Amino acid sequence: MRLQGSGNETHVLIKGKDVLIDLLNDSGIAYKNILPDGKGYGKLGLFNDLLKRGSRMITYCKKHNPDLLIGTSADISYVGKLLDIPAINVNEDDAAVIPFYAWISYPWATAILSPDSCNNGRWNNKTINYKGYHELAYLHPDHFLPDKSIVFKYVHLYSSYIILRFSSLNAHHDKGIRGISCQLAKDLIHRIEPYGKIIITSEYNLDAELESYRMPIDPVDMHHLLAHAKLVIGDSQTMTAEAGVLGTPFIRYNDFVGKIGYLMELEERYELGYGIKPDFPELIISKAEEIITNKESAEIFQQRREKMLSEKINVVDFIYEYIINILGKTQIKGTSFNV
């Protein structure tokens with residue numbers, strides 16, 4: 001870690017989520033899980049989680065006395081306010097899309113770091129914008145180079161493949177949000193399977209027909225597969241954005257289409273993917289066929305990626321310099337991260 005190398009002591013606090021623990025273990029980064037008992041469900045579970053994480057973080061901070069809190073969790077903002085520690089919140093979703101998160105976090109945050117395509121509403125006055133995306137913090141070519149040999153662990157040599165990603169859409173801000181139904185997935189596969197191997201990754205259990213396409217993928221390898229896929233289709237925000245910044249065409253299908261600034265920019269300004277609302281199921285199939293039957297798609301989307309990269313920054317450099325600047329101004333020596 002660059003901060004560690006610059007003489008700053010860093011602490012990584014996490015709440016166990018998705019594949020985060022696997023990725024941290026692979027990276028060798030030490031961390032403390034402040035929510036090992038798992039995530040609660042419903043409004044009561046969400047509130048209980050908030051109390052548990054906050055109290056545990058307060059205890060940790062009192063013990064280690066950090067000079068700075070920075071991360072993507074809402075907890076750092078009110079903990080920082082209570083303990084009089086600068087708290088920097090990092091987020092790329094527009095405030096209107098994540099209202100509960102915004103109300104808990106933003107009023108107490110010292111500052112918010114967001115892409116310039118993100119609208120933080122009433123909290124824009126404390127937002128520091130940058131020309132980039134979260135995904136460029138780890139998928140910028142300065143940090144990540146796709147390795148085709150890793151793909152061969154999962155797909156036969158020279159085989160074309162298409163990735164379908166199904167999200168559980170069970171976060172508090174996902175209530176009432178529609179994604180790809182099982183029937184639509186089957187219709188889609190029926191039409192596009194002749195053009196490549198179908199690989200499904202899903203956050204929930206599927207019926208037997210779709211489960212036959214599911215492939216267990218080591219989280220460390222996932223981005224290499226995304227980078228070499230012919231097409232990525234999903235109702236997930238993050239994985240489709242990751243495909244986009246890697247230059248792989250994507251189709252995003254859910255009710256968030258048209259509401260999230262950074263994804264709209266990837267889709268409309270850079271044309272790295274397409275957002276389709278669930279009212280138009282036939283359109284996702286026709287658009288998928290259009291992309292995968294165009295022999296020039298791979299070259300076209302890589303050219304679009306180059307344009308995007310030429311206008312965006314290395315986000316790691318930006319955040320690192322921002323933190324070092326804060327530490328230098330206040331003449332403090334340590335920092336605590338919360339992921």
Side-chain angles (χ1 to χ4, degrees), residues 91-94 97 114-119 129-146 148 151 160-167 179-180 188 192 195-196 199 201 222-278 280 283-316 318:
N91 191 49
E92 66 178 347
D93 289 326
D94 300 71
V97 176
S114 295
D116 54 6
S117 53
C118 176
N119 182 358
N129 293 121
Y130 60 87
K131 291 183 177 297
Y133 312 111
H134 272 195
E135 293 73 17
L136 283 177
Y138 52 96
L139 294 178
H140 190 281
D142 287 353
H143 307 296
F144 176 79
L145 294 176
K148 191 67 178 283
V151 176
S160 294
Y161 60 94
I162 300 156
I163 295 176
L164 273 59
R165 169 65 172 177
F166 303 141
S167 173
I180 299 174
L188 182 60
I192 66 175
Y195 302 104
I199 297 175
T201 75
M222 191 68 229
H223 295 129
H224 298 278
L225 271 84
L226 286 178
H228 289 101
K230 198 167 190 176
L231 173 65
V232 173
I233 304 172
D235 46 24
S236 160
Q237 318 300 336
T238 301
M239 192 168 286
T240 49
E242 289 173 337
V245 301
L246 289 168
T248 299
F250 71 81
I251 299 175
R252 180 173 59 104
Y253 185 87
N254 59 37
D255 283 308
F256 285 121
V257 170
K259 298 178 180 179
I260 302 177
Y262 82 96
L263 283 159
M264 291 172 64
E265 185 174 272
L266 283 170
E267 293 161 355
E268 298 173 9
R269 176 170 180 157
Y270 297 111
E271 299 180 283
L272 286 163
Y274 303 91
I276 298 174
K277 294 183 178 180
F280 307 99
L283 184 55
I284 189 176
I285 297 174
S286 61
K287 181 58 72 174
E289 288 184 318
E290 176 188 320
I291 294 170
I292 58 185
T293 57
N294 185 347
K295 295 180 180 179
E296 297 180 357
S297 278
E299 182 179 352
I300 290 170
F301 279 82
Q302 283 299 320
Q303 289 174 351
R304 292 173 181 175
R305 179 190 185 232
E306 290 303 317
K307 173 177 169 57
M308 179 271 296
L309 288 173
S310 72
E311 297 178 2
K312 299 302 180 184
I313 63 170
N314 182 321
V315 176
V316 169
F318 166 76

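Since the structure is predicted, the reported quantities are computational estimates derived from the model, not experimental observations.
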Is atom CZ of Phe280 surrounded by more than 12 heavy atoms (other residues, nucleotides or ligands) closer than 6.0 Å?
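Counting neighbours around CZ of Phe280, 12 or fewer heavy atoms of other residues, nucleotides or ligands fall under 6.0 Å, so no.
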
Around atom CD of Glu311, are there more than 12 heavy atoms from other residues, nucleotides or ligands closer than 6.0 Å?
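Count over threshold, so yes.
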
Just verifying a value: how many Å separate [X] [atom1] and [Y] [atom2], rounded to the nearest 0.5 Å?
X	Y	atom1	atom2	answer
Leu309	Leu139	CG	CG	10.5 Å
Ile233	Leu164	CD1	CG	5.0 Å
Phe166	Ile180	CZ	CD1	5.5 Å
Ser167	Met239	OG	CE	9.5 Å
Ile163	His228	CD1	NE2	11.0 Å
Leu272	Gln303	CG	CD	11.5 Å

Any donor-acceptor pair under 3.5 Å linking the side chain of [X] with the backbone of [Y]?
X	Y	value
Tyr195	Ala288	no
Thr240	Gly234	no
Gln302	Leu246	yes
Asp235	Asn254	no
Tyr270	Glu265	no

Tell me, do [X] and [Y] make a side-chain contact under 4.5 Å, heavy atoms counted?
X	Y	answer
Ser297	Ile292	no
Leu263	Phe256	no
Val316	His140	no
Met308	Val245	yes

The criterion is side-chain contact (heavy atoms from CB on, under 4.5 Å); which residues satisfy it with Glu92, sequence neighbours excluded?
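If we apply the side-chain contact (heavy atoms from CB on, under 4.5 Å) test to Glu92, skipping adjacent residues, the hits are Pro115, Tyr133, His134, Glu135, Tyr262.
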
Identify, with sequence neighbours excluded, every residue that meets salt bridge (Lys or Arg N to Asp or Glu O under 4.0 Å) alongside Glu267.
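Per chain and number, Glu267 pairs via salt bridge (Lys or Arg N to Asp or Glu O under 4.0 Å) with Arg252.
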
Heavy atoms only: give me the nearest [X]-[Y] pair and the separation to one decimal.
X	Y	result
Ile300	Asn294	CD1-ND2, 4.0 Å
Lys277	Val257	CE-O, 3.3 Å
Cys118	Asp93	SG-O, 3.5 Å
Leu145	His224	O-CE1, 3.7 Å
Lys131	Asp116	CG-OD2, 3.2 Å
Leu226	Thr248	O-OG1, 2.7 Å

Please list, chain by chain and in numerical order, all residues satisfying ring pair (Phe, Tyr, Trp, His ring centres under 6.0 Å) with Phe318, sequence neighbours excluded.
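Ring pair (Phe, Tyr, Trp, His ring centres under 6.0 Å) list for Phe318, sorted by chain: Tyr130.
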
With under 30° as parallel and over 60° as perpendicular, where do the rings of Tyr274 and Phe301 fit, or are they tilted in between?
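Rings of Tyr274 and Phe301: perpendicular, over 60°.
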
Evaluate salt bridge (charged side-chain N to carboxylate O under 4.0 Å, His left out) for Arg165 paired with Glu242, printing each intermediate quantity in order.
CA-CA 12 Å; Arg165 169 65 172 177; Glu242 289 173 337; over 6 Å; no

